[in-house]
Chemist: 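What follows is a single structure, and I will ask about it in a moment.
Because the structure is a prediction, the values reported are computed rather than measured.
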Amino acid sequence: MSLTAQRFPSRRRILLGLGLLTQIAAAPKPPGKPQIVTVLGELDHGGPGPAGARRHAGPAAGGAGQAGGLGRGPAAGVSGDTSGGGLARVGFSVAADTRVCVVALGGNDLLQGVEPAQTRANLRGVLQKLKSRGVGAVLVGVGAPPTIGASYAREFNAIYPSLAREFGVPLYANILAGVGGNAALLQRDGVHPNAAGARKIGEALAPIVARALKGRPRIRH
């Protein structure tokens, strides 16, 4: 299903882009521990190595463009991870010091033909658990093409905006918006983004995560 597969960039490339989340400080911040952003979900469709949660430590101090450290969280995921897997892991994959969790799940549900109602229930469970722990969230959507069935695509594509409204969280509607179909931003396979494509994704996500962080109370130690 190549039309859906192109929604999922390789993990190494996308994490390179998400590294730009460490450059989101817009003003000096008080000294303290880094602001932790955890990415929950497998952002590709079956590359090598474990997935799980990825942790990004943003700048603790300094102005725009100052990069903080990039850490790696528990490798709790597996290739082919689904929203159900994310729901099962969210309690231990998202550490207690996480301020904002980027929820990037559902792509493999689409590839595997999981019923949209089940995907919705799983993602809703993830967001509920994060909310109950006081962890902010950014929801990253997946675009289902009508070629897989107009009714299925319509129901699947409605999941993300609906949940974003219900939980009042920011939504990045399509992980490959502005990248998919652009040969200059893709590798030779025409599916995975190259460094420029990953950078574009990171740049698009960074201000959304920055706003989410700004709206969270700072954890004091």
Chemist: If you take all heavy atoms of Y152 and P116, which pair is closest and at what distance?
Modeler: CE1-CD, 3.5 Å
Chemist: What pair of heavy atoms forms the shortest contact from Y172 to I208, and how long is it?
Modeler: CD1-CD1, 3.5 Å
Chemist: Per the salt bridge (charged side-chain N to carboxylate O under 4.0 Å, His left out) rule, what does the pair list look like for residues 167-186, sequence neighbours excluded?
Modeler: none
Chemist: Side-chain contact, heavy-atom cut-off 4.5 Å: N174 with V142?
Modeler: no
Chemist: Do the side chains of I159 and L123 get nearer than 4.5 Å, heavy atoms only?
Modeler: yes
Chemist: Would you call V140 and V39 a side-chain contact if the rule is heavy atoms closer than 4.5 Å?
Modeler: no
Chemist: Under a 4.5 Å cut-off applied to non-hydrogen side-chain atoms, are L40 and V102 in contact?
Modeler: no
Chemist: Begin with the C-alpha distance, continue with both residues' side-chain angles, and end with the deciding distance and a verdict on side-chain contact (heavy atoms from CB on, under 4.5 Å) for L163 and L139.
Modeler: CA-CA 9 Å; L163 288 176; L139 187 59; 4.1 Å; yes
Chemist: Kindly indicate whether the side chain of V135, heavy atoms from C-beta on, has any atom under 4.5 Å from the side chain of V100.
Modeler: no
Chemist: Of all residues at least two apart in sequence or in a different chain, which pass the side chain to side chain contact (heavy atoms under 4.5 Å, CB included) check with P161?
Modeler: R165, L171
Chemist: Is any side-chain heavy atom of I148 closer than 4.5 Å to a side-chain heavy atom of F156?
Modeler: no
Chemist: For S83, what residues pass the side chain to side chain donor-acceptor pair (under 3.5 Å) criterion, not counting sequence neighbours?
Modeler: D109, N122
Chemist: Who passes side chain to side chain contact (heavy atoms under 4.5 Å, CB included) against A150, sequence neighbours left out?
Modeler: R154
Chemist: Measure across N108 and T82 and return the closest heavy-atom pair with its distance rounded to 0.1 Å.
Modeler: CB-CG2, 4.3 Å
Chemist: What distance do I36 atom CD1 and C101 atom SG have between them, rounded to the nearest 0.5 Å?
Modeler: 12.5 Å
Chemist: Do N194 and L186 have side-chain heavy atoms sitting under 4.5 Å apart?
Modeler: no
Chemist: In this structure, would V90 and V114 fall into the same cluster of hydrophobic residues linked by side-chain contacts under 4.5 Å?
Modeler: no
Chemist: Taking all heavy atoms of L87 and all of G125, pick out the closest pair and write down the distance.
Modeler: CD1-C, 3.5 Å
Chemist: With a 4.5 Å cut-off on side-chain heavy atoms, are L213 and Q35 touching?
Modeler: yes
Chemist: Determine the minimum heavy-atom distance between P146 and A153, stating which atoms define it.
Modeler: CA-CB, 4.0 Å
Chemist: Could you name each residue pair satisfying salt bridge (charged side-chain N to carboxylate O under 4.0 Å, His left out) that touches residues 126-140, not counting sequence neighbours?
Modeler: none
Chemist: So which heavy atom on A212 is nearest to which on P170, and how close?
Modeler: CB-CG, 4.2 Å
Chemist: State which residues pass side chain to side chain donor-acceptor pair (under 3.5 Å) with E166; sequence neighbours excluded, sorted by chain then number.
Modeler: R124
